[in-house]
Amino acid sequence: MSEAHHQPHLTKWIILAIVLAIVAAMFAPTFAMSFAIGGEIFLRVLKMIVVPLVVASVMTGILGMGDVRKLGKPGLYTVIYYLATTLLAVIVGLVVVNIVRPGLSMGEEAKAGVAESKRPNEVLFEHLAAETGLSDDAIAKTFGDSDYVERKDRSMGRIFRNLILMLFTDNLFESAVGTQLLPLIVFSIAFAGLLTTMGDGVSTLKSFILEANNALMAFILLIMRVAPLGIFCLVAGRFGQANANGQFLAELSKTGWYSASVLIGLGVHSFITLPAILYFFTKRNPYRFMVQMGQALLTAFSTASSSATLPLTMEAAVDEAGISRQSVDFVLPLGATINMDGTALYEAVAAIFIAQVVGADLSFAQQVTVAITATLAAIGAAGIPEAGLVTMVIVLTAVGLPVEYITIILSVDWLLDRFRTTVNVFGDACGAAIVEKSMPAAEPVG
Ligand code: ASP
C-alpha cells in the first residue's frame with residue numbers, strides 16, 4: 001500500500017515553494033502578500049479535517065489493538081516519552097540560555113519601551129487574537145480562567161488542576177467546534193475501548209470507523225497534491241507581511257542573541273538529543289527519518305501549527321517512514337496536542353532571557369521551577385500559532401517575573417514559532433517510531 005502512496009518529489013516541491021515564497025517576500029512584499037488568501041484557504045482545508053481525523057484515527061488505533069487492556073504498555077511508554085523528551089528539551093534550553101546570556105546584551109532602550117507600552121494583556125490578546133484567529137475569551141481560557149495575572153491563581157496546584165480539567169468536556173460537540181482535541185481523544189479512547197468488548201453486535205459500527213479513517217487518509221492524499229501551492233501562499237503571505245511591517249530583519253537583529261539562543265537550543269534538541277534517542281530505541285537512521293518526515297516538518301514550519309500539520313504528519317509517518325498505522329493513530333494525535341518539545345524549550349529560554357533583562361538573579365531552585373512550569377506550559381499550549389506565547393505567562397508568574405516584558409519578544413515570535421512547531425512535530429514523529437516497538441500485534445477488526 002505504501003508504494004502506491006509514496007510521493008517522493010513532494011518534499012522537493014515544498015522546499016522550492018518555501019524558497020520562492022521567501023524570495024518573493026524579500027523583494028516584492030506587496031506582491032507576496034496578495035497570496036495570503038491562498039494560504040488561508042490551504043490552512044482552512046487542513047484544519048477542517050483535523051477533528052474527524054483525530055476521532056477516527058484514535059478510535060481505529062484502539063480497535064486495532066483488539067482489547068483496550070493492551071493499551072497499558074504503549075500508553076505508559078508514550079507518556080514517559082512525552083515527559084522525558086520535553087524535560088530534556090527544557091534542560092537544553094536552560095543550558096544554552098545560561099551560557100549565551102542574551103538578556104545581558106539587551107539595552108536600557110528596550111526596557112524603556114516596555115514601560116511605556118500598553119498593559120501586557122491587551123497587547124498580547126490583540127496580537128494573539130489576530131494571529132490565531134481565536135477570540136480573546138478563548139485565549140484567556142487557555143489559562144483555565146481569565147484572572148491569569150493574579151499571582152495567587154498561578155500556584156502549581158492550580159496549573160495541574162487546569163491541565164487535568166483540559167482532558168474532559170461536558171459537551172463533545174462544543175469541543176469539536178472549538179477544535180479542543182484532548183477531550184475528543186479521551187472520549188475516542190474510552191468509546192473505542194468499549195466497542196472492543198462488545199463483540200459482533202457492533203461490527204457495523206467498527207467497520208464504519210475503519211472505513212471513515214481510510215477515507216480520511218485518502219482525503220489527505222488529495223490535499224497533499226496542492227500542498228506546495230498552499231505552502232507557497234502561506235509563506236509568501238506571512239513573510240511578505242512581516243517584511244512590509246519592517247518586522248523581519250530589523251526585529252530579528254534587535255533580539256538577536258535571544259533568537260539565536262532559541263534556535264541553537266532547538267538545533268541541539270532536534271539534531272542531537274532526539275536523533276540519539278530515536279537511534280537508541282529503534283536503530284533507525286535518524287537523519288534519514290528526518291528526510292522521510294520532510295513534508296510534515298516543512299508544513300509545520302509553514303503553518304506554525306502542529307494541529308493543522310497533523311494530517312500530513314500521519315501520512316508521512318505511515319507512507320514515508322513506514323511506521324505502523326496503529327502506532328501512528330495512537331501516538332500522533334495525542335502528541336500534536338500535548339507533546340511540544342520546541343515550545344517547552346522556547347518557554348524556558350524566554351523566561352530566563354526576561355529574568356536577565358530585568359536583572360533578576362534566579363536561584364537554582366527558581367530555575368528548577370522554570371523547568372517544571374515550562375514543561376506544564378508546553379503541555380497546556382494548543383497546537384496553534386503562538387499558543388506558547390500565551391502559556392508563557394504561567395512560567396513568568398511562577399517565578400515572579402514581570403509579565404509585561406513579554407512584549408520584548410512579541411515581535412519575533414511569529415518567526416520563532418515556526419521553528420519550535422517544526423521541532424514539536426519532529427518530536428511527535430520520533431515518539432511514534434519508538435512506541436511502535438511496544439505495540440501489541442495488530443488484530444483483524446470488523
Ligand atoms: N505553534 C506551536 C504548535 O502548534 C505551539 C507554540 O509553541 O506556540 O506546535
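Whatever order the structure lists them in is the order used to number ligands and atoms, beginning at 1.
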Q: Please report which non-hydrogen protein atom sits nearest to atom 8 (O) of ligand 1, along with the residue it belongs to and the distance in Å to one decimal place.
A: Gly388 N, 2.7 Å
(Q) With a 4.0 Å cut-off on heavy atoms, is Ser305 in contact with ligand 1? (A) yes
Q. Is there a side chain to side chain contact (heavy atoms under 4.5 Å, CB included) between Ile338 and Tyr82 once you walk through the steps?
A. CA-CA 8 Å; Ile338 65 174; Tyr82 289 162; 3.8 Å; yes
(Q) Under a 3.5 Å threshold, yes or no: a donor from one side chain and an acceptor from the other, between Asn171 and Ser175? (A) no
Q: Give the contacting part of Leu389 toward ligand 1: side chain, backbone, both or neither, where contact means a heavy-atom distance below 4.0 Å.
A: neither
(Q) With respect to Ile384, determine whether any N or O atom, backbone or side chain, lies less than 3.5 Å from an N or O atom of ligand 1. (A) yes
Q) Can you name the one residue among Val395, Leu401, Val349, Val97 that meets side chain to side chain contact (heavy atoms under 4.5 Å, CB included) with Val370? A) Val395
Q: Would you mind listing which atoms of ligand 1 come within a distance below 4.0 Å of any non-hydrogen atom of Thr343?
A: 5 (C), 6 (C), 7 (O)
Q | Contact atoms of ligand 1, heavy-atom distance to Glu386 under 4.0 Å | A | 1 (N), 8 (O)
**Q.** Tyr81 ring center within less than 6.0 Å of Tyr77 ring center
**A.** no
Q | Protein heavy-atom partner closest to atom 2 (C) of ligand 1 - residue, atom, separation in Å | A | Thr421 OG1, 3.2 Å
Q. Judging by distance only, is a nitrogen or oxygen of Met340 under 3.5 angstrom from one on ligand 1?
A. no
Q: With heavy atoms of Asp417 as the reference, note each atom of ligand 1 found under 4.0 Å away.
A: 1 (N), 2 (C), 6 (C), 7 (O), 8 (O)
Q | Parallel, tilted or perpendicular: ring planes of Phe289 versus Phe426, cut at 30 and 60 degrees | A | tilted
Q.
Is it true that Asn424 and Thr343 share a donor-acceptor pair across their side chains at a distance under 3.5 Å?
A. yes
Q: May I ask you to decide if the ring planes of Trp414 and Phe239 are parallel, tilted or perpendicular, using 30° and 60° as cut-offs?
A: perpendicular
Q | For Ala304, the ligand 1 atoms whose distance to one of its heavy atoms is below 4.0 Å | A | 1 (N), 4 (O)
Q. Between Arg420 and ligand 1, which part of the residue brings a heavy atom under 4.0 Å of the ligand: side chain, backbone, both or neither?
A. side chain
Q) Relative to the heavy atoms of Ser306, which atoms of ligand 1 are at a distance of less than 4.0 Å? A) 3 (C), 4 (O), 9 (O)
**Q.** Lys/Arg N to Asp/Glu carboxylate O, Asp417 vs Arg238, below 4.0 Å
**A.** no
